[in-house]
Amino acid sequence: MSYFDELAYQFIDGEWRSGSGSWDIVDFNPYNGEKLASIPCATVEEIDQAYRAAERAQREWGAVNPYTRRLVFERALRIIDDREAELSEAIAAEVGGTLTKVGFELHLAREFLREAIQLALRAEGRILPSPIDGKENRLYRLPVGVVGVISPFNFPFLLSLKSVAPAVALGNAVVLKPHQNTPICGGGLVAKLFEEAGLPAGVLNVVVTDIAEIGDALIDHPVPKTISFTGSEKVGRHVATVAAAHFKHSILELGGNSALVVLDDADIDYAVDAAVFSRFVHQGQVCMAANRILVDRAVEREFTEKFVAKVASLKVGDPTDPQTHIGPLINEGQAEAVASLVDRAVTEGASALLHGETHGTLVAPSVLSGLPDDSPLLSQEIFGPVALLVPFDGEEEAVRITNATPFGLSGAVHTGDIERGVRFAKRIDTGMFHVNDATVHDEPIVPFGGEKSSGVGRLNGDAMVEAFTTTKWISIQHGRSAFPF
């Protein structure tokens, strides 16, 4: 694993160097427990050094012709193509992703880099009229300056790039903190990619650390103007509170409790396929995953039989085996938490149509039905391979149940009538909803984000310009203004 030896460092101001913290962040393969890397953690001092380096580098980078900035991303794309096998191996080893998941992650990473090439040219200004004679109003779109990015463990390479690439393309500098479970794929690989692509030193810095070491230093530091966070709702609330106290803009992509709804006129076989993918892709460790699968009682029996049979056929095991559908969860703590949720639900009255066993980080799929209406499991995010089947009587009840959650990220509805599906989708309090498809989707030019406790703000496409630039009004008086004194 050459990447893990090569990149087990902080990347600050163009230099790979050790952190000065008194303890190491140890990186393990979640499937076999192999130690991949040991990285001395960054301290508050190194956070400051990273932000100061970004601040210095941004002044020059923000003045670079955007056509020139684009060249960095073109080179980065070629590097991914050339190193695909090595990148795939690293992601599979550190994240426990199956080959299907790894391919999906690298495909989307390329797509977001291609979009970054276009974004470099999209910070457009405007000229607005004035009621004052001789006055010209110019609106400029300028980089916010320095952006702090905090990325999660589930799609670390992709979700780091998703904020880093557009922020840099639009003339900003970035300090990136990857999740401590994925410091290489979420941090080191991203830094290495842009270093080789010719990004000037200091424009991107990577700090591998933990809140136990640095507290809120990454958020409340005076340099960054925007914080982009992807992760849990609990941590997101804290990030938002600290950022707001320092008048920083925050973009929060948080958890979900998505529903996939099967109406009475749905294509059942197709809905089953979509539901199995939506719930069990990457072991359910996806914010858009279908935690709840709502089925009209008119088709409940047929759907349930086919769904359970398909889930039971999923192979659990080594993520590098092409036949594996379900790989490991990110660590044993997460695996134990998911198993405990299932056991508690059964104790509280749920029926386990499948009750998957847990061996280390491998958690076989569970399918639960008959949950009490007040079960906490129905309103929370389950980051693991557990499906909840919930029957309903008619469309009105389906809408009510779908909305009965503090989250509002994604969802899907299956129906034989597309416009019926669109009408249903409009009634659901989510940032995204899909008709006759899966709940898990992300496209570079379509606004991505949630409502309620699923986050604030949007990413992708033109939303990136809103997120990572600021508007400045400069007026010019070509004549002479008249003043009252």
Note to self: Using the side chain to side chain contact (heavy atoms under 4.5 Å, CB included) definition, which of the options D24, V208, V26, L7 pairs with I39?
What the structure shows: V208
Check: Can you pull the ring-ring contact (aromatic ring centres under 6.0 Å, His included) pairs that have at least one residue in residues 171-193, sequence neighbours excluded?
Finding: F153-H179
Margin query: The criterion is ring pair (Phe, Tyr, Trp, His ring centres under 6.0 Å); which residues satisfy it with F73, sequence neighbours excluded?
Written below: F194
Notebook entry, point to check: For A169, does its backbone N or O pair with a side-chain atom of R69 as donor and acceptor, under 3.5 Å?
Noted result: yes
Notebook entry, point to check: In this structure, which one of L409, T439, L159, L254 forms a side chain to side chain contact (heavy atoms under 4.5 Å, CB included) with C287?
Noted result: L409
Note to self: Rounded to the nearest 0.5 Å, what separates atom CZ in F155 from atom CG in L106?
What the structure shows: 11.0 Å
Notebook entry, point to check: Could you give the distance from CD1 (I79) to CD (E74), rounded to the nearest 0.5 Å?
Noted result: 12.0 Å
Checklist line | Qualifying side-chain hydrogen bond (donor to acceptor under 3.5 Å, both in side chains) pairs, either residue in residues 93-103, two or more places apart | finding: K101-E105
Next item on the list: Enumerate the residue pairs fulfilling side-chain hydrogen bond (donor to acceptor under 3.5 Å, both in side chains) with a member in residues 406-417, sequence neighbours excluded, ordered by first and then second residue.
Entry: D265-T415
Checklist line | Expected output: side-chain D27 to main-chain S38 donor-acceptor under 3.5 Å | finding: no
Check: Which residue pairs pass the salt bridge (charged side-chain N to carboxylate O under 4.0 Å, His left out) test when at least one of the two sits in residues 213-233, sequence neighbours left out?
Finding: E233-R237
Note to self: Between R138 and E136, does any side-chain N to carboxylate O distance fall below 4.0 Å?
What the structure shows: yes
Notebook entry, point to check: Under the 6.0 Å and 45° cation-pi test, does K162 pair with F448?
Noted result: yes
Notebook entry, point to check: To the nearest 0.5 Å, what is the distance between CG (D82) and CD (E196)?
Noted result: 10.0 Å
Note to self: Using modelled atom types and a 3.5 Å cut-off, is there a donor and acceptor pairing between side-chain atoms of T471 and backbone atoms of R141?
What the structure shows: no
Notebook entry, point to check: Taking only residues two or more places apart in sequence or in another chain, which ones pass salt bridge (Lys or Arg N to Asp or Glu O under 4.0 Å) with E86?
Noted result: none
Checklist line | Polar side-chain atom of N291 near backbone of Q380 as donor-acceptor pair, under 3.5 Å | finding: yes
Checklist line | Backbone of V386 reached by a side-chain donor or acceptor of R279 within 3.5 Å | finding: yes
Notebook entry, point to check: Between S20 and E46, does a side-chain hydrogen bond (donor to acceptor under 3.5 Å, both in side chains) hold up when you go through it step by step?
Noted result: CA-CA 8 Å; S20 61; E46 278 131 8; 2.7 Å; yes
Check: Looking at CD1 of I91 and CG of L99, how far apart are the two atoms once the value is rounded to the nearest 0.5 Å?
Finding: 11.5 Å
Margin query: If you define the side chain from C-beta out and look only at heavy atoms, does anything of L189 sit under 4.5 Å from L87?
Written below: yes
Next item on the list: Keeping to residues at least two apart or across chains, list the ring-ring contact (aromatic ring centres under 6.0 Å, His included) pairs with something in residues 49-69.
Entry: Y51-H221
Checklist line | Presence of salt bridge, E381 and K234, under 4.0 angstrom | finding: no
Item checked: Where at least one partner belongs to residues 280-291, residue pairs that pass salt bridge (charged side-chain N to carboxylate O under 4.0 Å, His left out), sequence neighbours excluded -> none
Next item on the list: Measure from the side-chain N and O atoms of R458 to the backbone N and O of G450, and report whether any donor-acceptor pair falls under 3.5 Å.
Entry: yes
Note to self: The test is salt bridge (charged side-chain N to carboxylate O under 4.0 Å, His left out); show your working for R83 and E89 and say whether it passes.
What the structure shows: CA-CA 10 Å; R83 307 276 179 84; E89 182 182 5; over 6 Å; no
Item checked: Expected output: side-chain K452 to main-chain T405 donor-acceptor under 3.5 Å -> yes
Checklist line | F11: partners by ring pair (Phe, Tyr, Trp, His ring centres under 6.0 Å), with sequence neighbours left out | finding: W16
Next item on the list: Could you tell me the separation between the CG atom of L158 and the OG atom of S151, rounded to the nearest 0.5 Å?
Entry: 10.0 Å
Notebook entry, point to check: If we only count heavy atoms from C-beta on, is the T230 to I150 side-chain gap below 4.5 Å?
Noted result: no
Check: Sequence neighbours excluded, which residues qualify as ring pair (Phe, Tyr, Trp, His ring centres under 6.0 Å) partners of H238?
Finding: none
Check: Can you tell if the side chain of T226 reaches within under 4.5 Å of the side chain of S250, non-hydrogen atoms only?
Finding: no
Check: Is there a side-chain contact between L193 and V190 (heavy atoms, below 4.5 Å)?
Finding: no
Next item on the list: Please answer whether the main-chain N or O of G255 pairs with a side-chain N or O of S454 as donor and acceptor at a distance below 3.5 Å.
Entry: yes
Next item on the list: Assess whether atom CD1 of I445 is packed by more than 12 heavy atoms of other residues, nucleotides or ligands within 6.0 Å.
Entry: no
Margin query: Can you confirm whether I474 is buried at CD1, in the sense that more than 12 heavy atoms of other residues, nucleotides or ligands lie under 6.0 Å from that atom?
Written below: yes
Notebook entry, point to check: Given the rule in the side-chain hydrogen bond (donor to acceptor under 3.5 Å, both in side chains) test, do Q180 and D210 qualify, once you have shown the distances and angles that lead to the verdict?
Noted result: CA-CA 7 Å; Q180 48 268 45; D210 188 272; 2.5 Å; yes
Notebook entry, point to check: Can you check whether K177 reaches V149 side chain to side chain, under 4.5 Å on heavy atoms?
Noted result: no
Notebook entry, point to check: What pairs of residues pass the ring-ring contact (aromatic ring centres under 6.0 Å, His included) test when at least one of them lies in residues 78-117, not counting sequence neighbours?
Noted result: none
Notebook entry, point to check: Between D429 (side chain) and G408 (backbone), is there a donor-acceptor pair under 3.5 Å?
Noted result: no
Checklist line | For H325, ring pair (Phe, Tyr, Trp, His ring centres under 6.0 Å) partners two or more places apart | finding: none
Next item on the list: Determine, for R52 against D13, whether the closest basic-nitrogen to carboxylate-oxygen distance falls under 4.0 angstrom.
Entry: no
Check: Is the shortest heavy-atom distance from the side chain of V95 to the side chain of H282 under 4.5 Å?
Finding: yes
Next item on the list: Check for a donor-acceptor pair, side chain of D437 on one end and backbone N or O of H434 on the other, with a separation under 3.5 Å.
Entry: no
Note to self: Any non-hydrogen side-chain atom of V239 less than 4.5 Å from a side-chain atom of I227?
What the structure shows: yes
Check: Heavy-atom distance under 4.5 Å between the side chains of P66 and R70, does that happen here?
Finding: no
Margin query: Taking OH in Y9 as the centre, count heavy atoms belonging to other residues, nucleotides or ligands within less than 6.0 Å. Is the count above 12?
Written below: no
Next item on the list: State the CD1-NZ distance between I428 and K426, to the nearest 0.5 angstrom.
Entry: 13.0 Å
